[in-house]
J.: 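Just passing along the structure, written as C-alpha cells.
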Amino acid sequence: MTIERRLGRSGFTLTRDYAAPIERVWAAFADEDSKRSWWGDADRISTREWVFDFRVGGRDIDEGKFHGGPVSRYEATYTDIVEHVRIVTTYDMWLDGAHMSTSVASLEFEPIDAGTRFTHTEHGVFFDQFWADGQGREDGTRGLLIALGRHLA
C-alpha cells in the first residue's frame, strides 16, 4: 500500500467563560487528579498509559484504546507555564501507531467578574492520510472544553 505524503494545516481559537475562580480552572490542568477526572472520554476509551509531569520541560502522555476501535496516543511537552496566566505546549498525536499530527497549543486564563475566561489557541500540522483532520481536532477540543465545564460546575 502506498501512502500519499501530504501535509494539512489547521488553526483555531476557542474561548469559554466558566463560572469558577481562576484557581479552580487552573487546577483542572495543573493538578493530576483534577485533570484525570475530566480529560478524555472514559466512556469510550480504556486508558493504556498515563504520565503527568506539569512543569516546563515536563511531558504528559495519554494513550488509550477506543472501545472497538483504534489506539490514540497524545504526547505533550510543556514549553511555558505562568501560574494562573498561561500554559503553552507542543504535542504529537498518533492513531494506531501512525504519526497523525504535531501542534502548538496555548491555554490562557483571565479572571472576569463571572469567573474565568479560558482561551485555547492551537496551530497544527497533519501528516499524510490525516491531512484533512484539522476540523476533527477542533471538534475534539470543543468536546474537552464541554467536559471541563461539567467538571467545574
Side-chain angles (χ1 to χ4, degrees), residues 5-18 20-42 44-45 47-66 70-112 115-152:
R5 297 297 180 189
R6 187 170 186 177
L7 290 176
R9 293 161 194 84
S10 180
F12 60 89
T13 297
L14 301 172
T15 300
R16 299 289 184 271
D17 291 347
Y18 295 113
I22 201 164
E23 295 82 7
R24 191 147 173 263
V25 180
W26 178 265
F29 293 89
D31 176 78
E32 182 174 11
D33 290 336
S34 183
K35 187 171 182 179
R36 278 201 91 153
S37 71
W38 67 272
W39 182 264
D41 189 350
R44 295 181 14 189
I45 300 173
T47 299
R48 296 173 71 169
E49 182 178 2
W50 173 268
V51 174
F52 182 84
D53 186 10
F54 186 75
R55 62 183 174 82
V56 172
R59 292 182 58 214
D60 281 1
I61 298 172
D62 184 9
E63 180 176 289
K65 179 164 179 44
F66 284 90
V71 173
S72 172
R73 183 173 180 86
Y74 163 90
E75 288 188 20
T77 301
Y78 294 101
T79 61
D80 187 59
I81 298 172
V82 177
E83 188 173 20
H84 301 152
V85 176
R86 69 177 177 257
I87 301 167
V88 179
T89 68
T90 59
Y91 75 90
D92 290 273
M93 294 289 301
W94 286 264
L95 194 61
D96 276 342
H99 194 190
M100 180 180 193
S101 64
T102 298
S103 296
V104 175
S106 62
L107 315 178
E108 297 172 82
F109 304 78
E110 177 187 352
I112 57 174
T116 303
R117 176 161 294 143
F118 174 79
T119 302
H120 176 114
T121 302
E122 185 165 328
H123 302 280
V125 177
F126 295 81
F127 308 120
D128 304 329
Q129 71 266 33
F130 305 107
W131 71 270
D133 286 0
Q135 186 61 50
R137 179 66 48 80
E138 183 175 344
D139 294 343
T141 302
R142 261 194 197 89
L144 283 173
L145 297 186
I146 290 168
L148 174 59
R150 283 193 300 263
H151 168 77
L152 295 169

J.: So for atom CH2, which belongs to W50, do other residues, nucleotides or ligands contribute more than 12 heavy atoms lying within a distance under 6.0 Å?
T.: yes

J.: Yes or no on salt bridge (charged side-chain N to carboxylate O under 4.0 Å, His left out) for D128 and R5, after CA distance, side-chain angles and deciding distance?
T.: CA-CA 5 Å; D128 304 329; R5 297 297 180 189; 2.5 Å; yes

J.: Filter on ring pair (Phe, Tyr, Trp, His ring centres under 6.0 Å), then keep only pairs touching residues 85-111, sequence neighbours left out; what's left?
T.: W26-F109, F29-F109, Y74-Y91, W94-H99, H99-F127, F109-F118

J.: Working note: E138 + Q135, criterion side chain to side chain contact (heavy atoms under 4.5 Å, CB included); need CA distance, chi angles, decisive distance, verdict.
T.: CA-CA 5 Å; E138 183 175 344; Q135 186 61 50; 4.0 Å; yes

J.: Does S101 reach the side chain of F130, with side-chain heavy atoms less than 4.5 Å apart?
T.: no

J.: Between R117 and D17, is there a salt bridge with N-O shorter than 4.0 Å?
T.: yes

J.: When you measure from the side chain of D96 to the backbone N and O of V71, does any donor-acceptor pair fall under 3.5 Å?
T.: yes

J.: Report yes if the side chains of Y18 and R24 come closer than 4.5 Å at any heavy-atom pair, otherwise no.
T.: no

J.: Could you measure the distance from the CD atom of E75 to the CG atom of D62? Nearest 0.5 Å is fine.
T.: 10.5 Å

J.: Under 4.5 Å between any side-chain heavy atoms of M93 and S72, yes or no?
T.: yes

J.: To the nearest 0.5 Å, tell me how far I81 CD1 sits from T89 OG1.
T.: 9.5 Å

J.: Look up atom CD1 in I61 and atom OG1 in T77, then write down how far apart they are to the nearest 0.5 Å.
T.: 9.0 Å

J.: Find out whether R137 and S10 are in side-chain contact, i.e. whether some heavy atom of one side chain is under 4.5 Å from a heavy atom of the other.
T.: no

J.: Grab the two heavy atoms, one from A28 and one from S34, that are nearest each other, plus how far apart they are.
T.: CA-OG, 3.3 Å

J.: Is there a side chain to side chain contact (heavy atoms under 4.5 Å, CB included) between H120 and R142 once you walk through the steps?
T.: CA-CA 10 Å; H120 176 114; R142 261 194 197 89; over 6 Å; no

J.: Looking at D33 and R36, is there a salt bridge between them, counting it only when a charged N and a carboxylate O are closer than 4.0 Å?
T.: no

J.: Does any N or O in the side chain of T116 come within less than 3.5 Å of the main-chain N or O of A20, such that one atom is a donor and the other an acceptor?
T.: yes

J.: Report the C-alpha separation of D53 and Y78 in whole Å, then their side-chain angles, then the decisive distance to 0.1 Å, and conclude whether the side chain to side chain donor-acceptor pair (under 3.5 Å) test is met.
T.: CA-CA 9 Å; D53 186 10; Y78 294 101; over 6 Å; no

J.: So how far is it from I22 CD1 to E83 CD, rounded to the nearest 0.5 Å?
T.: 10.0 Å

J.: Where is the tightest heavy-atom contact between A30 and F54, given as atom of each residue plus distance?
T.: CB-CE2, 3.4 Å

J.: Report the distance from atom CH2 of W38 to atom CG of L145, rounding to the nearest 0.5 Å.
T.: 7.0 Å

J.: Could you please spell out the steps behind the side chain to side chain contact (heavy atoms under 4.5 Å, CB included) verdict for D60 and K35?
T.: CA-CA 11 Å; D60 281 1; K35 187 171 182 179; 3.0 Å; yes

J.: Starting at CD of Q129, measure out to CZ of R6 and round the result to the nearest 0.5 Å.
T.: 12.0 Å

J.: Who pairs with T121 by side-chain contact (heavy atoms from CB on, under 4.5 Å), at least two apart in sequence or on another chain?
T.: T13, S106, E108, T119, H123

J.: Is there side-chain contact between E49 and R73, with at least one heavy-atom pair below 4.5 Å?
T.: yes

